[in-house]
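What follows is a short report on a single structure.
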Amino acid sequence: MKNGTQLTRAFFAQDTLKVARNLLGARLVRLENGRRLSGVIIETEAYRGEEDLGCHCRAGRTKRTEIMYGLPGYSYIYFVYGMHWLLNFVTERDGFPGAVLIRAIIPDEGQGIIAVRRSERPRAEWTNGPAKLCQALGINGQQNGQDACAPNASIFVERGTEIPAERVSVAARVGLNTVPEPWKSIPWRFLAKV
DNA sequence: AGCACGATTAACT
DNA sequence: GTTAATCGTGCTC
């Protein structure tokens with residue numbers, strides 16, 4: 001497969017940790033009114049299974065989490081803190097819940113629009129957080145449940161440059177302040193060194 | 001029907 | 001380092 005190819009359902013159907021790791025270096029693409037916005041993924045987090053007490057699926061199947069139990073490759077976009085949207089891609093086989101949170105990208109296409117949406121802040125602050133990148137790319141609940149592997153998807157991922165192991169670091173997931181161990185400290189956050 | 005809290009961010013001190 | 005902003009979700013009554 002060549003760079004620029006849309007990632008397939010087979011890619012997202014793999015183990016959540018593997019998907020999170022291998023999304024580093026791939027290109028997140030947002031199509032909006034014919035405009036193309038994109039950036040290279042440099043930070044992700046894995047959320048897998050009902051036993052993962054950091055995952056929304058710890059509550060089991062609910063209206064909100066149902067999407068994570070379905071087919072891999074769908075977008076799971078949810079709202080937190082009364083103001084922020086966060087983007088995930090569903091992973092694992094149909095019936096097993098899992099998702100990868102996209103935490104940071106390096107902005108590439110559509111920088112003019114991104115700058116405006118990010119209130120003309122410094123470039124380094126455009127998309128260096130999960131809610132920031134959603135704001136920058138115009139991602140919100142309207143795209144929740146969309147198939148990112150479909151030909152007409154408005155949010156999808158393209159194959160990019162592979163990040164070698166020596167440029168990947170792992171860490172505990174962010175923001176799980178009240179989540180018990182071992183889930184709070186489990187190293188399921190993946191970062192690509194620039 | 002009510003309530004506590006969250007996979008965050010920006011603006012403070 | 002601390003805190004307000006702000007509301008959908010899931011849990012309890």
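Sequence lines set the chain letters: A, B, ... in the order given, protein chains first and strands last, and positions in each chain run from 1. Just so it is clear, the values below take in all heavy atoms, side chains as well, and ignore hydrogens, waters and symmetry mates.
A straight line from CD1 of A:I186 to C1' of B:dA7 spans 15 Å, rounded to a whole angstrom. Here B:dC5 presents its P atom at 20 Å from CG of A:L86, a figure rounded to the nearest Å. With rounding to whole Å, A:R189 atom CZ is found 11 Å from B:dA7 atom C1'. The nearest whole Å value for the distance from the NZ atom in A:K132 to the P atom in B:dA7 is 18 Å. Counting to the nearest Å, the P atom of B:dA7 and the CZ atom of A:F190 are 19 Å from each other. One interatomic measurement links the two molecules: CG of A:L101 to C1' of B:dT8, which rounds to 11 Å at whole-angstrom precision.
Taking the six-membered ring where tryptophan is involved, the planes of A:F89 and A:F12 are tilted, since the angle between them lies from 30° to 60°. A:Y78 and A:H56 have perpendicular rings, their planes meeting at more than 60° on a 0 to 90° scale where under 30° would count as parallel.
To the nearest 0.5 Å, atoms CD1 (A:I106) and CG (A:L28) are separated by 12.5 Å. Rounded to the nearest 0.5 Å, atoms CD1 (A:I77) and CG (A:L86) are 10.0 Å apart. Distance CZ/A:R61 to CD/A:E50: 8.5 Å, rounded to 0.5 Å.
The two residues A:A172 and A:K184 come nearest to each other via the heavy atoms CB-O, 3.7 Å.
A close approach under 4.0 Å does occur between a side-chain nitrogen or oxygen of A:R121 and OP1 or OP2 of B:dA10. Neither OP1 nor OP2 of B:dC5 sits under 4.0 Å from any side-chain N or O of A:T178.
Counting any heavy atom pair closer than 4.0 Å across all strands shown, A:N177 reaches no nucleic acid atom. Note on A:G54: a base of the nucleic acid sits closer than 4.0 angstrom, heavy atoms only.
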Q. For nucleotides 3-13 of chain C, read 5' to 3', which letter fits each nucleotide if B means a protein heavy atom sits under 4.0 Å from the base, S means only the sugar-phosphate is that close, and - means neither?
A. --BBB-SSS--
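In this structure a side-chain-to-backbone donor-acceptor pair under 3.5 Å is missing from A:Q143 to A:S154. Using a distance-only test at 3.5 Å, with no hydrogens or angles considered, a donor-acceptor pair links the side chain of A:Q6 to the main chain of A:A150. Using modelled atom types, no side-chain atom of A:Q135 and backbone atom of A:R118 make a donor-acceptor pair closer than 3.5 Å.
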Q | Intra- and inter-strand pairs of DNA chain B in dot-bracket (Watson-Crick or G-U wobble, both distances under 3.5 Å; | for another strand) | A | ||||||.|||||.
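Between A:V174 and A:R118, the residue anchored nearer the 5' end of DNA chain B, judged by the nucleotide with its closest heavy atom, is A:V174.
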